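Below, all heavy atoms of this structure are taken into account, side chains as well, without hydrogens, waters or symmetry copies. Note that the coordinates shown come from a computational prediction; the quantities given were computed from them, not determined experimentally.
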Protein chains: 2
Amino acid sequence: MSTRPPSAADLIANHGGRVTRTRVAVVDALDASNHPLTHDEVAANLSEAEVPHDRVTLYRALDWLVDKGIAHRVAGSDRAWRYGIVREAPHQHAHFHCSGCGNVFCLEQVQPAFAIALPGGYQLDRAELILHGICPTCRQAEPTAPSPEPR
Amino acid sequence: MSTRPPSAADLIANHGGRVTRTRVAVVDALDASNHPLTHDEVAANLSEAEVPHDRVTLYRALDWLVDKGIAHRVAGSDRAWRYGIVREAPHQHAHFHCSGCGNVFCLEQVQPAFAIALPGGYQLDRAELILHGICPTCRQAEPTAPSPEPR
DNA sequence: ACAGTTAACGCTACAATGTTGCATTATGAA
DNA sequence: TTCATAATGCAACATTGTAGCGTTAACTGT
Ligand SMILES: [Mn+2]
Ligand SMILES: [Mn+2]
Ligand SMILES: [Zn+2]
Ligand SMILES: [Zn+2]
């Protein structure tokens, strides 16, 4: 017998939270995605699943999940946070920002471990590595696109 | 005889732009700062120098400077862009985000050059290294502060 | 099964950071 | 000086998120 992954409800209850409609649906939505989602994307997801929800409640649910370490939050290039389920703690890896679709992908394989010669006086706490480029899906959509991008 | 650094007006004119009150003041403000400034900080700076200015015009001036490569733009942790004068092109170095003062510092010494084994299908365009911690100024202000930061 | 406590909700208002449209101004060129 | 138009200044709007506060419903204890 292998241990099954905990249900959304279990995850929430195990962290001392009340199991509510929105929280369960949010965890399910994040868990089903292969990349972190914006508040708006989660909302769309819930709407599609016909789960009634409130904008503010959704923000609070996401915040709570991050606070409990169930989800993590990563900044996008468009100043909207992305929320992703935490699949392996601690959450420390590079993130890939696709300039095609705008999605952010967690690269769990790429652990930013490098020695940095910091100028004097700076006290380093945490390093964040962000890679910009084209994700596999967008790349396949336009394989050899020159994308002239006139300056 | 050493070549003097170009005046703000020259910089602007050399890029084919009209030399206006706001643009000149913005370039001067950015140039005088040792770290990139937010729109709001630039505005405060202009107010202090008693340079009349409009919020939107200021945004457009900053955008124009970035577009021409005179300034560069870097994201803050508070979803406000920071604008800094370009002192050495190309602008490619690590950025330090101070959790004390919230300022962002350009670390021209720290060039993010590392070999990354990217998962298949991703096309890398640019790598961005963000360091989080305490800047020299904030550190001196509270030398051994634990900074409890209650969640 | 029921009642009580209070975490969490849902709504309204507000804040911060930008963007868009458009009439007006003033910069640089002729 | 005159002229074309780049750039401005103002009002309105968009997006992303927070704060206050009365109401609801999830859990606890019986
Ligand atoms: Mn991640
Ligand atoms: Mn910089
Ligand atoms: Zn993509
Ligand atoms: Zn600082």
**Student:** What is the distance, rounded to the nearest whole Å, between atom CG of B:D54 and atom P of D:dA12?
**Tutor:**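 Interatomic distance, CG of B:D54 to P of D:dA12: 14 Å.
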
**Student:** Please enumerate all protein N or O atoms sitting under 3.5 Å from an N or O of nucleotides 16-20 of chain C, with distances to 0.1 Å.
**Tutor:**
unit_1 : atom_1 : unit_2 : atom_2 : d
C:dG18 : OP1    : B:W81  : N      : 2.9
C:dG18 : N7     : B:R55  : NH1    : 3.4
C:dG18 : N7     : B:R55  : NH2    : 3.0
C:dG18 : O6     : B:R55  : NH2    : 3.0

**Student:** Please give the angle, rounded to 10 degrees, between the axes at the start and the end of the helix from C:dA1-D:dT30 to C:dA30-D:dT1, where five pairs define each axis.
**Tutor:** 40°

**Student:** Other hydrophobic cluster members with A:V19, side-chain heavy atoms of Ile/Leu/Val/Met/Phe/Trp/Tyr under 4.5 Å, chained?
**Tutor:** A:L11, A:I12, A:V24, A:V26, A:V27, A:L30, A:L37, A:V42, A:L46, A:V51, A:L58, A:L62, A:W64, A:L65, A:V66, A:I70, A:W81, A:Y83, A:I85

**Student:** Going 5' to 3' along nucleotides 24-30 of chain C, which nucleotides have protein heavy atoms under 4.0 Å from the base (write B), which only from the sugar-phosphate (write S), and which from neither (write -)?
**Tutor:** --BBS--

**Student:** Can you list the other members of the hydrophobic cluster that holds B:I130, where links are side-chain heavy atoms under 4.5 angstrom apart?
**Tutor:** A:I130

**Student:** Under the salt bridge (Lys or Arg N to Asp or Glu O under 4.0 Å) test, which residues partner B:R23, sequence neighbours left out?
**Tutor:**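 Listed in chain order: nothing, the list is empty.
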
**Student:** Which residues satisfy the ring pair (Phe, Tyr, Trp, His ring centres under 6.0 Å) test with B:H91, sequence neighbours excluded?
**Tutor:**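 Only B:H72, B:H93, B:H95 meet the ring pair (Phe, Tyr, Trp, His ring centres under 6.0 Å) criterion with B:H91.
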
**Student:** Identify, with sequence neighbours excluded, every residue that meets salt bridge (Lys or Arg N to Asp or Glu O under 4.0 Å) alongside A:R60.
**Tutor:** none

**Student:** Can you see if the side chain of B:T57 gets near the phosphate of D:dG9 - specifically, an N or O under 4.0 Å from OP1 or OP2?
**Tutor:**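 Indeed, a polar side-chain atom of B:T57 lies that close.
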
**Student:** Partners of B:D63 by salt bridge (Lys or Arg N to Asp or Glu O under 4.0 Å), sequence neighbours excluded?
**Tutor:** none

**Student:** Quick one: ring pair (Phe, Tyr, Trp, His ring centres under 6.0 Å) partners of A:H53, sequence neighbours excluded?
**Tutor:** none

**Student:** Should side-chain heavy atoms under 4.5 Å link Ile, Leu, Val, Met, Phe, Trp and Tyr, which residues sit in the same cluster as A:V104?
**Tutor:** A:V74

**Student:** Ring pair (Phe, Tyr, Trp, His ring centres under 6.0 Å) with A:F96: which residues, sequence neighbours excluded?
**Tutor:** B:Y122

